[in-house]
Every structure is written in C-alpha cells, then in structure tokens.
Amino acid sequence: MGYDFGKIETRWQKYWSDNKVYHVDIDYNKPKFYVLDMFPYPSGSGLHVGHPLGYIASDIYARYKRLQGFNVLHPMGYDAYGLPAEQYAIQTGTHPAITTEKNIKRYREQLDKIGFSFDWDREVRTNDPNYFKWTQWTFIQLFKSWFNKNSSKAEPITELVAEFEKNGNAAINAATSQEEVFTSGEWKAMSEEEQQEILMNYRLAYISETMVNWCPALGTVLANDEVKEGLSERGSHPVERKMMKQWLLRISAYAQRLLDGLEKLEWSDSIKEIQRNWIGRSEGASVIFNIKGFEDTVEVFTTRPDTLWGATFMVMAPEHELIEKITTPEQKEKIENYVAWAKNRSERERMTEVKKVTGEFTGAYGINPLTGKEVPIWVADYVLSGYGTGAIMAVPAHDSRDFAFARHFNLPVIQVVSKEGEEPTDPSTWEESYDSKDGISINSGFITGMKTKDAIAEVIKRIEEMGIGKGTINYRLRDAIFSRQRYWGEPFPIYYKNGIPYPLDESELPLKLPDVDKFLPTEDGEPPLARAKNWKTKEGYPLETNTMPGFAGSSGYYLRYMDPHNDKEYFSREAGEYWQDVDLYLGGDEHGTGHLIYSRFWNKFLFDLGLAVKDEPYKKLINQGKIQGRSSFVYRVQGTDNYVSFGLKNQYETQKLHVDIDLVDGDVLDIEAFKKWRPEYANAQFILEDGKYYCGHEVEKMSKSKYNVQNPDDLIERYGADTLRLYEMFLGPLEQDKPWDTKGIEGVYRFLKKLWRLFFNEDDKFIVTNEKASAAELKVLHKTIKKIQHDIEQFSFNTGVSAFMICINELSDLNCHKKEILEPLSVLLSPYAPHIAEELWHTLGNEGTVNDADFPKWEEKYLRENTFTYPVSFNGKTRFKLELPVDLSKDDIKKAALEAPETQKWIEGKTIRKVIVVPKRIVNIVVG
RNA sequence: GCCCGAGUGGUGGAAUUGGUAGACACGUUGGACUUAAAAUCCAAUGACCAUUGCGGUCGUGCGGGUUCAAGUCCCGCCUCGGGUACCA
C-alpha cells in the first residue's frame, strides 16, 4: 500500500473540519497574528494552479505562526461582484447571483481539497447583504464627511455646516472643488438646493459632472486603474472620454497621507514606487497671468517657476473654459474645429499619437506677470484638462514638450538656464531642450546667477509677496469614479428629492438589488436598475440607479473578517482592538494602483472615524508571482491534414496550432487522443521522429483559449494535496513569475514516499523505534529545523522544500527510524504538508492535532563541527581541499596549507607573495 | 521616452550577501531488480580538451574596472519582463 495520500487527506480534512481545528476567537492569552490572502473573484473556470500559489505560501506562514504560539486569524472569502457573471447574465438570462453561487461552490470544493487552515466560519462575500450593508454604510459616512486640511483628516459635514452658519466658508481649509467664498449671511440666504450643491463640493463621496472613461462595449464608466493603454482591463474594449455626472470618492484629499504612509510599510520597493508614481506628487507654483484686453486671468501650474523669464507662449487644454471667450474672431473657426477634433479623439488615438504635435492659436495674449511681456495663447491637447489648472506657461528651452511644440509652430525659444560652467548657446541650434534642474539661471532678473533649486524658492517667495502666485503642490492622483452603469454591484444607499441626492437612513440598510427583466441598460440609456419596478423609497423618492464598482466591496473586507457576524456594527471595538491590522498580506502586484490604494484610503477614512485601529491596513505585503502556462503546439503542413513533429517542421510550410496540454506528456503527443480531441483532427496523418510526435512549447499566459490551463484537481487526484503544495513552493521563489511545468512534480512525490519509508517498511510495518538518536542524526534534524525556520521567515519556501529533501535523503542514508528525530520532523513539516504530517504525528502516538504542537527549537550544540574542509586556492582558483580542526588559529591554518603535499605543485618555481586565511571559509595563496 | 525588476547547465532553480558556482529536483544515459512493465534502488551528467591514469582550460547576458578573491561591488552597453504614458 505504502503512502496512500487519498485516504490520509480525506481523513484529516474531515477531522479538521469536524473539530473546527482552524476556528479562532479572541484569546488574550496569546499574541494575535493576522494572515490574509487577497480574496478571489469566483470565475466560471474555477481555480487553476496559479491561484493557490499565494494561498499555499500564506498557509505555510499561518501554520508556522500557530505552531509558534500565536493566535492566527487566517480567513477567506469571495469578491463576488464582477463583470463576468453579469456578462454571462446578459447572454443567457441567468441571474448573476446564481452563477456566482455556483462558482463559489466550485471554488470552495477546490480550496478544501488543498488543505488550507482557513477559518471558514469567518467567510465573507461582497454580495452578501450582511456584508455589503457595511459597504453601503461606509459610503454614507463618506457622503457625510469632508476633509479638513488643517487636521488632515475627515470630519463630520455637520460641523462644516455649523461653521458655514457662523462664519461662512472663508476660514475653512478643505479638500474641495468649491471656489466661491461666501459669508454666513449668504449661506443662510441660500435655498436647500443651493446649500446641497455647495456641500457636494466638500463631501468625500460626491456627485459631479466630470470627464470619465466611458467604455461603450461594457456600457459603463471605468476608474483610471481599470483602463490599461486606452483599453478596458476587462475584455480590452476601447474607452472614450466623456463628460458625465458620476459619483466620486475624494481620494485625492488623502494623497499626502497615502504617500507618507508608504514609508513605514514592509512592502516591496517596486510596489511602493508604483504607488508613488500613481499619486504623483509634484511641488511647484501656481502663477496668475493676465489676459490682454480681458478682465479674466489664467492660472498656470509649473514646477519650474525659475523659468518664467523663458516663457514664450501659453497653452490651454482643449476643455479650458476661457477658450471660447478669448479667441479672436479671425481664429474662431480654426479653434472650434480644433477643439471639436481634440475632444472626439479616443483615448487610444491620443496615446498612440503622442509624438504628433497639434494645436491652434487663439489670437489672444497673456501677460507675463514678472516681465510684463505678451505671449500668445495656444490651445493644444498635450495639455491635460485634469491636471493642475489645465493651462501652462510654455518654456520651450527647458521643457521637451514645449520645445517640440515651439519647433513645430516656429515659436521663439529663449534660454534662461545654463549648465554650470557652460556658456549659453543659441537655442535655434539645439536638438533638444535643457530640462535638468541642475543649472544656473541666466537673463532672469532677480534670480540671475542663482542655482536652479534656490531660484525656484526665490521666485515662489517673490510672487507670493507680489500676490501674483503661490507655492503649490499638485498630485496626479485623481478622485475615484465610484459609479458603474451596471447591475451586479452594491446599490447606492441614495435617493433623490427634487433631483438632490440624500443618503438613506442607516436603518434602511442593507439596500438590496431589485429584480430586473434584463441586465441591460434601458432604451434611453439608463443603467439596468432603472428597469426595476418600484426602485424607490417608502416615501416614493427614486433611488440611485448606478451601482458601486468592484473595488467597493474589497476595500474594507479585512476589517469585517475580524467580526464577520456582527449585525449591529461593521466590527466590534473589541475585535478591532484585538486583531488591529493585517500582519501579512499576500496577493498579486497587479493590484498596485487599484485595490491597494483604495483599500488604504478606505482604511484611513475609517481610522479618522475612529473605527479602524491602525492608520495602515496591511503591514507587510508579499506579491506572489504569476504562474504562466506552458502551451504545446502541433505543426500542420499548410493546406493538408499532415502534422509534422517539432524537429522536422522546418522542412515544411507549417501552421502552429495550440494543442491541449492534457494530450501531451513530456512534449510527446498522444496521437490517438489527439485524433479524438476534435472532429477536424480525426483523419490527421503524422510525420514522426523516432516513431514519436514531438510537440513544440512556449510559455504564455495561462488561459482556456490556449489549452494550457492546469487545474489543481487533476494533480491532487494523481499525487495528493501535500505533493501539490510542496511542488508549487518548490517551483521557485514566491515573488517571481514562473512557467508551470508538471514534469518536476514526480520529484516531490518521491520525496514524500521516501519520508513514508522512514516510518513504514515495504510491508507497511511500522518501524519507528525509541532508540536514542546518534549525534549524526541529531545534527541532520537540528540543521533542518534551523534552515526551515529561517526560510519560512524569509518567505523562501522553495529552498525550504529542498532542505526537507536533503534531510530525508540523509536520514535514509543513516537508516534512521527513531522517534526522537521523526517526531519533531513531522511537526516541522506540517506547515508545508499538513496531511501527511498529521498522519505521521498520530502514528507516533499523539492525540489531537499536530497544529497544537510546538514548533521544534534547534540547538547549537548539535550543529557544532569539529573540522572544517578548507578549499585551498592559488590566485583565487580552488585547487584542493584540506580538512582541518575548526579551532585552529590563523597561523596554524596557514602553516597546514603551506605544508600540504598538494601545495608543492602550485608553488614550484614561484614566490609566495601572500597567504589569505579566513577561518571557516577559505585559504588563498597568492603566488607569482 | 521615463521608472522598476531580471538574465546562472538541456529544464525549474541554489549559492550563509565578496569566500569551494551549479545545492535540491526534473530530464537524459548506463546499470540492478522483474517473464515484462510500473514502482524502487545505484552510478554518471556545465562545456571543451585529455583520457591509460593524474589532470587541464573555459564558464553565471556583453565589454571594462576594483579586489588576494566577483554570479555577488563599480562604470558602460545588450536582451527580456513589468509599471507608466504628454502630469507642466
């Protein structure tokens, strides 16, 4: 019989589940440890081998922490709202809730088979009313809050209203889109509607007419992070820019805190860098330019106020509100055509044609506030309406984009910064602008001769004194568009009275999705919820018909796991105080600009409310790499039914076709199975090599259409979950992308069988003894404990597996069947391979579960060596080895090395110049 | 374009952070066991040269450098992967 993984794994999975071995509660006698995986979207195709990679790693860590005496919170749930289920609903009419439920069931079955230590009693699903109640609740709190820049935190909007009533808004320092200043008298005189409109400019969840990414194919707007290269992330459909009234979250208010918070996080530098770039802080100044012949002024943002003397023209974004007003009659038609053209360009066009310079002159002139010089105002789409003020002063000599524009339209270029120690040159001879901030100002009034850094500071100081501008900081981070014109998402707890949005009373939550006849927009383009009958409040006010985006439910889910069944609050104070934050978070780095920013924002807001205990949700983050597929190919000779083996394909004109990896074993095609696979292959003929058909292979994304999806169930069926767990870890470093290849799985399977042989002989006889372990055996054990512990703490799980293999190889060589060694070993192995470890631990006579054992401690005394084998090298090249006592002095080592018989050969006829001795490392003899 | 990350045998990958390059595993080859196959076990396996034996030379993407010693540090490139896309 030997190692019967099937029997073992079902037995212990049942035991763990029946005895709620992984259930956790608050326990003040133990320190907490919170290990979290990014929860999955339950897709229709189930788990493939890439999904569990991170789950296995975090499971090993969670189990390890538990063995070390921590009270480990290790929950799992589902990000259940999402587009695929809805797209499927549109095609088939099946309600997305049904599809989702079915997929979740499948996921759960697959997850259960892998033997994770999840506390399923804490499962959350974002589409569960008991869960999304709190998503909606948080939205209401956002709606009822504003961001006070003085305290740098969210505060109740009621306090803001009180201040308006007392003093108006003049003294308020808020993150806001409100520009007009009003007095308390003016505030009180306003109608309800006017007041609500103003408050909207302060709310952290607000509705606004804004430029959005509209995806016609999906029929919804998308957030910036959901658009990749001008296409939707889901489905790769074109995206347009469009003005639309949408709900937004004022995440930009938190830009600085999101930036500062990164400092103390144990995240990879790369993902921190991604977030820093996404937040995009830049320091500079806003400067006011008058417009010749108009009362209006244009405000521009620049990071280089020191180059004001070199501004030779100005550029406005095509959306700029002053364009119409200032354009001269002669330029009117050209400008109108240009603006219309620019606005109609798709995002994708804009992006692919970045190098193409376009623009048009308005006929108007701005006046440089420092020099008094007149500069032409242009319109061009290289200036973005969404950033800064939507207008710039162009300094072609020191900005590459302005330079390209100036060259194209023959505008003047004036040098105002030169490299230290270099003479100014004629800009008309330049091939590129001098953008560096490392320089000296020239021809620049009061800053002439100053270094750029000082010049910037000086100009800011002076323009502030003169009242023509001020130092400002701009962030690239945009407010998050929070509404989707979709069905399958959280409904907004919002109703409209006279067209003004109001939040539902919290007692009305959760607001559940209504039934609709179709999951499509209405004829007049309203979102699907507009199809619902009676989609209104008790009083008859219409409810919001948009739904929330995918990131709504995933932004605060880690908090709900702390107290998932609480029906009175998001989570109890006690649970929050005990579990605090996530100690270890595992997931893919593709969430760098989406979930991981939104979630931090959400948490910071809840922290401001006094709910979240920590300012940052995820202390340590590990991004597991993606597992790529290994596709197999057959080569069809053009226009025939003949298929030629890989090695011979160059002799023919061939077509490369994907073939299901299940039909291929080690690149050898199962010809009969291939013929049966699809009707068009039934009559296939083969040109073979050595009687076999060899397939070609390539590494690509794992996907159904490439027939390279490896699903874990088949592997578990064949090798068991422990083998799968070990193999996924053995594949390579956790954080690295790597191709999936089943070839090596036999190796870890053999390892487990070999381990079994230490406990049972060929006749299944238990052969473990109570004999005293030898020094050699103890050394193997303690060396392994040390290595395993070190590797788990470093998240180096691949080297951990190989340490186990080395250990078992050595114990097999030593013929060791001693309980003294094997018992701690079974505990040591249990985080990696919990089923076999639990089984073996029980065969040694233990009761309960191995999860309650203590992680073994290694002791230095067993590791001590008496000798060290020195590599002796000459001029850096190792020539022979020399075994010497460890405690030998440097001089003695040197002496021994020089006296060694092999040394003669290498020093013959040469002089010894130097001898390097590093105790317990190396001996290097330099000759010449 | 800019910002990260990575390049090591036929393959996945090790290398205590400057100290024996290729651990561990796959694959391959040869052998043992077997009527046979599977499973298992043993041996070899970076390349090249020499093989009668001792052995030798080269070798971590490329070119330089620092050092007694470089996969590891420095300078300059090349290739691949990821992020970003006119952010003033």
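Computed from a predicted model, the values in this text were never measured in an experiment. Basis for what follows: all heavy atoms, side chains included, without hydrogens, waters or symmetry-related copies. Naming convention: chains lettered A, B, ... in sequence-line order (proteins, then strands); numbering from 1 in each chain.
No contact: A:E590 has no heavy atom under 4.0 Å from any strand. A:I392 comes within 4.0 angstrom of a nucleotide base, judged by non-hydrogen atoms across all strands. When heavy atoms are screened at a 4.0 angstrom cut-off, A:R879 is found touching the sugar-phosphate backbone but no base atom.
Between A:S282 and B:rA88 there is a side-chain polar atom (N or O) within less than 4.0 angstrom of OP1 or OP2. Within the 4.0 Å cut-off from OP1 or OP2 of B:rA39, not a single side-chain nitrogen or oxygen of A:K753 is found.
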- Message: Does the protein touch nucleotides 19-35 of chain B at the base, only the backbone, or not at all? Give it as B, S and - per nucleotide, heavy atoms under 4.0 Å.
- Response: BBS-BBSSS--------
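Here the side chain of A:R725 pairs a donor or acceptor atom with the backbone of A:Y832 at under 3.5 angstrom.
Annotation: salt bridge (charged side-chain N to carboxylate O under 4.0 Å, His left out) contacts of A:D306 (sequence neighbours excluded): A:R304. Looking at residues two or more places apart in sequence or on another chain, you find no salt bridge (charged side-chain N to carboxylate O under 4.0 Å, His left out) involving A:E735. Looking at residues two or more places apart in sequence or on another chain, you find a salt bridge (charged side-chain N to carboxylate O under 4.0 Å, His left out) between A:K779 and A:E865.
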- Using Watson-Crick or G-U wobble pairs with both distances under 3.5 Å, give me RNA chain B in dot-bracket, 5' to 3', with [ ] for crossers and | for pairs to another strand. (((((((..(((......[....)))((((((.......))))))((((.....))))..(((((..]....))))))))))))....
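With P as the reference atom, B:rG9 and B:rU60 are 9 Å apart, rounded to whole Å. Comparing the P positions of B:rA47 and B:rU29 gives an interatomic distance of 15 Å, to the nearest angstrom.
Across A:I925, A:V923, A:I893, a single residue satisfies side-chain contact (heavy atoms from CB on, under 4.5 Å) together with A:L898, and that is A:I925.
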Only distances under 3.5 Å count here; give the side-chain donor-acceptor pairs of residues 792-800 of chain A to other protein atoms, sequence neighbours excluded, each with its distance to 0.1 Å.
{"unit_1": "A:E793", "atom_1": "OE2", "unit_2": "A:Y64", "atom_2": "OH", "d": "2.4"}
{"unit_1": "A:S796", "atom_1": "OG", "unit_2": "A:T799", "atom_2": "OG1", "d": "2.5"}
{"unit_1": "A:T799", "atom_1": "OG1", "unit_2": "A:D791", "atom_2": "OD2", "d": "2.9"}
{"unit_1": "A:T799", "atom_1": "OG1", "unit_2": "A:S796", "atom_2": "O", "d": "3.0"}

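The residue among A:V926 and A:I271 whose nearest nucleotide of RNA chain B is located toward the 5' end is A:I271. Mapping A:L731 and A:N875 onto RNA chain B by nearest heavy atom places A:L731 closer to the 5' end of the strand.
The existence of a salt bridge linking A:E283 and A:R281 is confirmed by a sub-4.0 Å separation between a basic side-chain nitrogen and an acidic carboxylate oxygen.
More than 12 heavy atoms of other shown residues, nucleotides or ligands fall within 6.0 angstrom of atom CG in A:N761.
In this structure, A:K272 is not positioned above the aromatic face of A:W267 in the sense of NZ or CZ being under 6.0 Å from the six-membered ring centre and within 45° of the axis.
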